[in-house]
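Below you'll find the structure, written out as structure tokens, and then a few comments.
Sequence lines set the chain letters: A, B, ... in the order given, protein chains first and strands last, and positions in each chain run from 1. What you see below is based on every heavy atom in this structure, not just the backbone, and it leaves out hydrogens, waters and symmetry mates.
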Amino acid sequence: MNASMNYVDGNAAGGELSRIFAVDITSAEGQCANCDAKRRFAEAHLYLQCPGLVARCSVCGHVLLRLANIQGRVLLDLCGMKRLTFDTTKQSNATS
Amino acid sequence: MTWRAANVVAVHDETATARTLALAVRDWPGHVAGQHVDVRLTAPDGYSAVRSYSIASAPISDGHIEITVERLPNGEVSPYLTQEVMVGDELELRGPIGGWFVWRMDQTEPIQLVAGGSGIVPLMGMIRSRRSAGSSARFRLLYSVREPEKVFYRDELRTLSNQGDSVVITYAYTRVTPSDWPRPAGRIDAPLIAMGTWPLTLQPTSYVCGPTSFVEHATDLLIAAGHHRERIRTERFGATGERK
């Protein structure tokens with residue numbers, strides 16, 4: 001299978017990220033620190049074939065987020081995103 | 001979000017390789033059509049595996065949801081859920097998850113659903129949600145599937161398509177077609193998009209779900225046909241259809 005098809009949508013990270021964030025991050029808009037594109041986090045390309053998860057910008061491929069579970073600690077790297085914007089009017093049932 | 005106990009209250013085979021599980025979930029807060037849950041299985045030695053499954057049922061606040069699971073040949077979780085699990089068994093479940101790939105009952109614009117294989121599951125959740133909400137939003141479904149025997153929810157979809165104003169359904173078979181089918185087997189293409197989806201003038205919102213290669217292909221076709229990227233929402237299952 002083509003390696004470029006080895007990703008899913010940022011949607012799929014919702015459960016894992018709900019361990020950390022109080023609101024749904026997948027419907028938030030993230031701005032890529034590399035190309036400035038603004039997209040919903042749900043639209044990022046998510047790679048799961050690693051010890052944790054890696055989300056890349058769907059426009060330029062830059063790493064937006066890395067999360068690793070190591071011996072009871074969660075390491076979260078968000079430096080690939082300049083900004084996350086949350087729409088607080090549509091959070092009902094998104095996480096609970 | 002914490003793990004909740006979920007009891008299997010019914011099982012139902014959709015195809016030879018796919019099974020729907022009805023689950024009673026403790027303290028279930030309700031969901032929005034299109035959301036998914038994570039299911040965790042833990043072995044006696046402590047090894048655990050988590051997979052995501054879309055919710056197939058309409059949001060009804062009685063603490064029950066349904067998921068439909070396709071069995072994957074080398075899957076870690078799906079063979080158990082489709083062959084071993086029995087009514088009365090308990091699973092661990094986390095959800096509902098996701099606020100982007102959702103259809104909300106206050107959406108009134110025409111909706112174009114595009115499913116590849118088991119990508120039908122969250123879209124069926126939207127179709128059922130539309131019906132249970134009494135919504136008059138216009139829905140259309142383009143359902144690409146390998147062969148007629150692989151169609152999920154066959155009787156329910158047939159009933160829906162026979163009811164005048166409900167949901168317009170177009171099937172596309174990729175390997176084997178019914179005997180009298182006008183279109184040869186093959187993946188979806190531009191003529192099929194033109195024939196089987198809402199015209200641009202209606203400004204539909206599209207939801208595309210399936211294996212990653214299918215979603216890429218279908219989304220490219222929609223954009224080539226003039227649909228705006230901002231009005232297309234996608235959910236990819238990955239290379240194999242394995243959701244993990």
Check: Are Asp9(A) and Phe101(B) close enough that some pair of their side-chain heavy atoms sits under 4.5 Å apart?
Finding: no
Checklist line | Test side-chain contact (heavy atoms from CB on, under 4.5 Å) applied to Ala185(B) - qualifying residues, sequence neighbours left out | finding: Thr177(B)
Item checked: Non-hydrogen atoms of Ala12(A) and Ser52(B) that approach each other most closely -> O-OG, 4.4 Å
Checklist line | All salt bridge (Lys or Arg N to Asp or Glu O under 4.0 Å) counterparts of Arg66(A), not counting sequence neighbours | finding: Asp77(A)
Next item on the list: Can you measure from CD (Glu16(A)) to CD1 (Ile97(B)) and round to the nearest 0.5 angstrom?
Entry: 9.5 Å
Next item on the list: May I ask you to test the Trp100(B)-Asn11(A) pair for a side-chain heavy-atom distance under 4.5 Å?
Entry: yes
Margin query: For the CE atom of Met1(B) and the CG atom of Asp24(A), what is their distance to the nearest 0.5 Å?
Written below: 7.5 Å
Check: Got more than 12 heavy atoms from elsewhere within 6.0 Å of CD, Gln203(B)?
Finding: no
Check: What pair of heavy atoms forms the shortest contact from Ser18(A) to Arg94(B), and how long is it?
Finding: OG-CD, 4.1 Å
Notebook entry, point to check: Which of residues 224-234 of chain B get closer than 4.5 angstrom to chain A, counting heavy atoms alone?
Noted result: Arg229(B), Thr234(B)
Check: Where the side chain of Thr212(B) meets the backbone of Tyr7(A), is there a donor-acceptor pair that is under 3.5 Å apart?
Finding: yes
Notebook entry, point to check: Looking at residues at least two apart in the chain, or sitting in another chain, which of them share a salt bridge (Lys or Arg N to Asp or Glu O under 4.0 Å) with Glu216(B)?
Noted result: Arg236(B)
